Structures are given as structure tokens and as C-alpha cells.
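Shown next, in C-alpha cells, is the structure this report addresses.
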Amino acid sequence: MPAITLLDCTFRDGGYYNSWDFDPQLTAEYLRAAAAAKVDAVEIGFRMFPQEQFHGAFAYSTDDFLKTLPLPKGILIGVMVNASDILKHPAGADKALSLLFRPRSKSPVGLVRIAAHFRDIADCGAIAKGLKRLGYQVGFNLMQSTGKSKETLTAAARTVAGWKSVDVLYFADSLGNMDGAGIAATLSALREGWAGPIGVHAHNSLDQGVANTLAAIEHGAAWVDSTILGMGRGPGNAPTEYLLIELERRGIRKSDMDPVFSLALGSFSKLQKQYGWGPNLLYYLAAVHGIHPTYVQTMLGKGQYDRHHIIAAIESLRKSDASSFSTDHLEQALFSTEGS
């Protein structure tokens with residue numbers, strides 16, 4: 001079993017609920033807890049271009065902003081960038097990267113993860129190579145890996161390996177409907193095309209986030225993601241506090257868990273009551289039918305649809321490809337439930 005790198009991405013993934021607007025006191029509390037628990041890496045947020053709608057500072061995670069934070073020593077600080085944002089930039093990938101990133105020597109960031117859909121992988125080599133030239137550790141995140149054929153996964157891994165610029169290859173269970181067998185098969189397929197470390201980002205739609213993460217470790221994953229109290233898009237992710245317990249039970253790593261427990265039971269418990277993330281029947285149904293969890297999150301967030309209408313919309317969405325979120329697709333599904 002390889003050494004395990006634990007990456008906590010609470011502020012990056014959790015920002016889908018509060019628009020990446022975390023207050024300074026909570027930020028300091030979170031960073032202290034991560035340091036005490038000996039988390040290896042913290043993905044502090046996204047690195048986005050300016051957005052029309054309001055987003056808090058952690059959507060952009062600029063170097064200047066990060067330098068104002070009490071970043072603990074000894075923890076790798078990471079950000080995530082969406083490949084689509086770089087690829088669609090009118091000036092090209094190199095210019096887009098220069099607008100978002102300074103050389104590593106001038107930045108608090110050490111790791112940049114590129115999140116990419118399979119349709120975009122072939123075009124992402126310039127992004128990975130550009131970030132590597134700037135001196136960053138580079139992660140590559142294969143989004144929506146569920147249901148992909150062995151051939152597709154292996155081909156993707158070989159493509160990434162060919163760039164010779166990526167340090168860790170991740171796969172994301174974006175729809176949250178993988179099981180242990182699916183995790184094992186995905187790792188096996190990726191390993192045929194990739195010799196380096198593999199990471200897993202498990203969603204909690206079926207309340208299997210921790211179980212799937214542990215299954216990934218058993219089958220050779222070296223990097224694993226988690227978030228405090230599972231805070232993340234839709235039903236959330238493998239909870240850091242549960243994962244720390246299970247890793248210690250298995251003799252994989254020891255941590256000072258009390259600060260994380262206090263954080264989960266205190267500040268983040270209040271946030272969960274406010275925003276309502278976590279596994280439930282609606283997310284479970286969406287996962288079973290291969291529907292992106294943002295459909296459920298959006299319907300619940302609007303507060304104008306009762307459970308009957310949401311279930312009816314899920315039934316409508318299952319009849320078409322709803323593995324990627326589309327506002328138009330959601331509106332069509334909701335329209336189809338009117339009068340039902």
C-alpha cells in the first residue's frame with residue numbers, strides 16, 4: 001500500500017453552498033484544525049477568472065489574498081482550475097495561465113489541480129505543461145468518471161502520462177453512484193495507462209463516500225479527498241472526520257482529531273443546518289439514475305418545490321442524459337411536472 005496523501009478541499013468544494021464566502025474566524029479555525037490533524041494538503045479554493053455573479057474570495061484564491069491568511073507551515077496549499085475556463089479563453093491557454101498564475105516561487109500555492117471533462121482531455125496538455133513550467137505540482141482531475149469504459153479510462157490515463165507534466169492523476173465520482181467494485185475497476189483501468197500516483201474524489205450521494213475512499217486505498221490509490229462534515233456540492237464528500245477515524249483504525253496514519261471534531265460539531269454543524277448539504281433520499285435517487293447532484297441541490301435551494309415535484313423532476317431527468325448540469329434541462333424537467 002502506498003503512503004497516503006490526505007487532501008482536504010472543504011473551502012473549494014464547500015463553496016458551492018456559500019459562494020466561497022467563508023469568514024476570517026472560521027478560516028483561521030479551519031486551518032488550525034487541518035494543521036493539528038496533519039492533513040497533507042489543503043485545496044483552499046478555486047482560481048477563477050472574474051465572474052458576473054457574486055463570489056467570495058475563495059472562488060479566486062489570489063496569491064495576494066492567500067498571503068493574508070494564517071496558512072500553516074508544512075501543509076501543501078492547492079487551488080483548482082477548471083480546464084474549460086482556460087480552453088475557452090480568447091487569448092489562448094498560455095495567456096490565460098499567465099493571467100491566473102505567477103511562478104511558484106512567488107506564490108503561496110504549491111499544487112494546482114486541473115478539473116476536466118473527458119471531452120476536453122485531449123486539449124489540456126498545454127495547461128498541464130504550462131503549470132509545470134511555472135514550478136507547480138500538477139494534479140489532473142478526471143470528472144464524471146462513473147460509467148466510463150475501461151478503454152476510455154485507460155486512453156485518458158495514457159494521454160495524461162504522455163504530457164510528462166502531471167504529478168497525480170485523480171478520478172472523481174461526480175455523480176456519487178460508484179461502489180467498491182466500480183472504484184476497483186476504475187483504478188485498474190487507469191493503472192494500465194498511468195504509472196504515477198492516483199487519487200480519488202468520492203461524493204456521498206449513496207452515503208458511501210468514506211467506504212469508497214477506503215476501497216480506493218485498498219486498491220492502490222495514494223491521494224484521497226475529504227471535507228469537514230462532508231461539505232461539498234450536492235450531498236457532499238467523504239467527511240474528513242470520519243476518514244481520519246478510519247485511517248487510524250486501520251493503522252494507516254495517526255492524527256490529533258480533537259480540533260477537527262470541534263470544528264465539525266461546532267461551526268460546520270451550524271453551516272450544515274443553514275445550507276442543508278448531506279446525503280438524503282433525493283440525492284440517492286439522482287445517483288441511482290445517473291443524474292448530476294446539482295439538479296437536486298438547485299431545486300432544494302430554490303425553496304419553492306415540494307418533495308413531490310422534485311421526485312417528479314428526477315423521474316423526468318432520468319429519461320434523458322442528465323449526467324451534466326444544465327439550467328435549461330432543469331427547467332424542462334420542472335415544466336414537465338406542472339399539473340402532476
Side-chain angles (χ1 to χ4, degrees), residues 1-5 7 80 82-84 87 113-129 138-226 233-235 237-238 284 286-293 317-325:
M1 181 180 297
I4 301 302
T5 298
L7 184 151
M80 177 173 279
N82 285 314
S84 58
L87 295 175
R113 289 207 293 181
I114 306 162
H117 290 284
F118 277 75
R119 63 178 179 267
D120 292 329
I121 293 171
D123 298 321
C124 289
I127 303 175
K129 291 176 183 178
V138 179
F140 196 80
N141 201 23
L142 300 171
M143 298 168 66
Q144 297 187 6
S145 297
T146 312
K148 295 295 187 294
S149 68
K150 175 183 177 182
E151 293 76 16
T152 297
L153 291 165
T154 300
R158 285 178 178 150
T159 296
V160 176
W163 303 333
K164 301 186 184 303
S165 298
V166 172
D167 298 286
V168 54
L169 177 63
Y170 258 86
F171 69 96
D173 178 19
S174 302
L175 304 183
N177 54 3
M178 279 190 177
D179 56 16
I183 292 286
T186 299
L187 278 158
S188 176
L190 293 176
R191 183 55 69 202
E192 289 195 21
W194 171 262
I198 297 177
V200 61
H201 180 85
H203 282 198
N204 213 25
S205 304
L206 302 179
D207 209 7
Q208 293 294 307
V210 171
N212 283 343
T213 301
L214 294 171
I217 291 172
E218 291 172 4
H219 288 90
W223 287 58
V224 295
D225 283 9
S226 63
R233 181 157 58 175
N237 311 294
Y284 195 104
V288 167
H289 298 311
I291 297 168
H292 198 283
L317 289 165
R318 68 176 290 196
K319 297 174 183 177
S320 59
D321 181 9
S323 59
S324 294
F325 179 73

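Predicted model only: the values in this text are computed from it and were never measured.
The two atoms that bring Trp194 and Val166 nearest to each other are CH2-O, 3.2 Å, heavy atoms only. Shown here for Leu153 and Leu190, the closest heavy-atom pair between the two residues is O-CD2, 3.5 Å. When all heavy atoms are compared, the tightest approach of Val138 to Ser165 is CB-O, 3.4 Å. Contact record, Asn177 with Ala287: ND2-O, 3.0 Å, taken as the closest heavy-atom pair. Considering every non-hydrogen atom in both Ala156 and Leu142, the closest pair reads CB-CD2, 4.4 Å. Counting all heavy atoms, side chain and backbone alike, Cys124 lies closest to Ala116 at SG-CB, 4.0 Å.
Under the 3.5 Å distance criterion, the side-chain polar atoms of Asn212 are left unmatched by any main-chain donor or acceptor of Ile183. One N or O on the side chain of Arg191 and one on the backbone of Ala195 form a donor-acceptor pair closer than 3.5 Å. Proximity of a side-chain donor or acceptor of Thr154 to a complementary backbone N or O of Ala189 within less than 3.5 Å is detected. Looking only at distances, a side-chain donor or acceptor of Ser174 sits under 3.5 Å from a matching main-chain atom of Gln144. At distances below 3.5 Å, at least one donor-acceptor pair connects side-chain atoms of Asn204 with backbone N or O atoms of Gly209. Between the side chain of Ser188 and the main chain of Ala184, no donor-acceptor pair closer than 3.5 Å is present.
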- Message: Please determine whether side chain to side chain contact (heavy atoms under 4.5 Å, CB included) holds for the pair His289 and Leu317, giving the CA-CA distance in whole Å, both sets of side-chain angles, and the decisive distance to 0.1 Å.
- Response: CA-CA 9 Å; His289 298 311; Leu317 289 165; over 6 Å; no

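Between Ile4 and Ile217 the shortest side-chain heavy-atom distance falls below 4.5 Å. A 4.5 Å side-chain heavy-atom check between His292 and Leu175 finds at least one atom pair inside the cut-off. Residues Phe171 and Ile198 have side chains in contact (heavy-atom distance under 4.5 Å, counting atoms from C-beta outward).
The environment of CZ in Phe118 is crowded: more than 12 heavy-atom neighbours from other residues, nucleotides or ligands sit within 6.0 Å.
Every residue two or more places apart in sequence or in another chain that forms a ring pair (Phe, Tyr, Trp, His ring centres under 6.0 Å) with Phe140 is listed here: Trp163.
The distance from the CZ atom of Arg119 to the CG atom of Leu87 is 10.5 Å, given to the nearest 0.5 Å. Note: Ser205 OG to Asn237 CG = 9.5 Å, rounded to the nearest 0.5 Å. The structure places CG of Leu169 at 11.0 Å from CZ of Arg113, a figure rounded to the nearest 0.5 Å. Considering CG of Leu206 and CE of Met178, their distance stands at 11.5 Å, rounded to 0.5 Å. The CG atom of Asp120 sits 9.5 Å away from atom CE of Met143, with the distance rounded to the nearest 0.5 Å. In this structure, CD in Glu192 is found 9.0 Å from CD in Glu151, a value given to the nearest 0.5 Å.
Evaluation of the salt bridge (charged side-chain N to carboxylate O under 4.0 Å, His left out) test over residues 164-190, restricted to residues two or more places apart or in two chains, returns Lys132-Asp167.
A donor and an acceptor atom, one from each side chain of Asp321 and Ser323, are located under 3.5 Å apart. There is a side-chain donor-acceptor pair under 3.5 Å between Asp225 and Tyr170.
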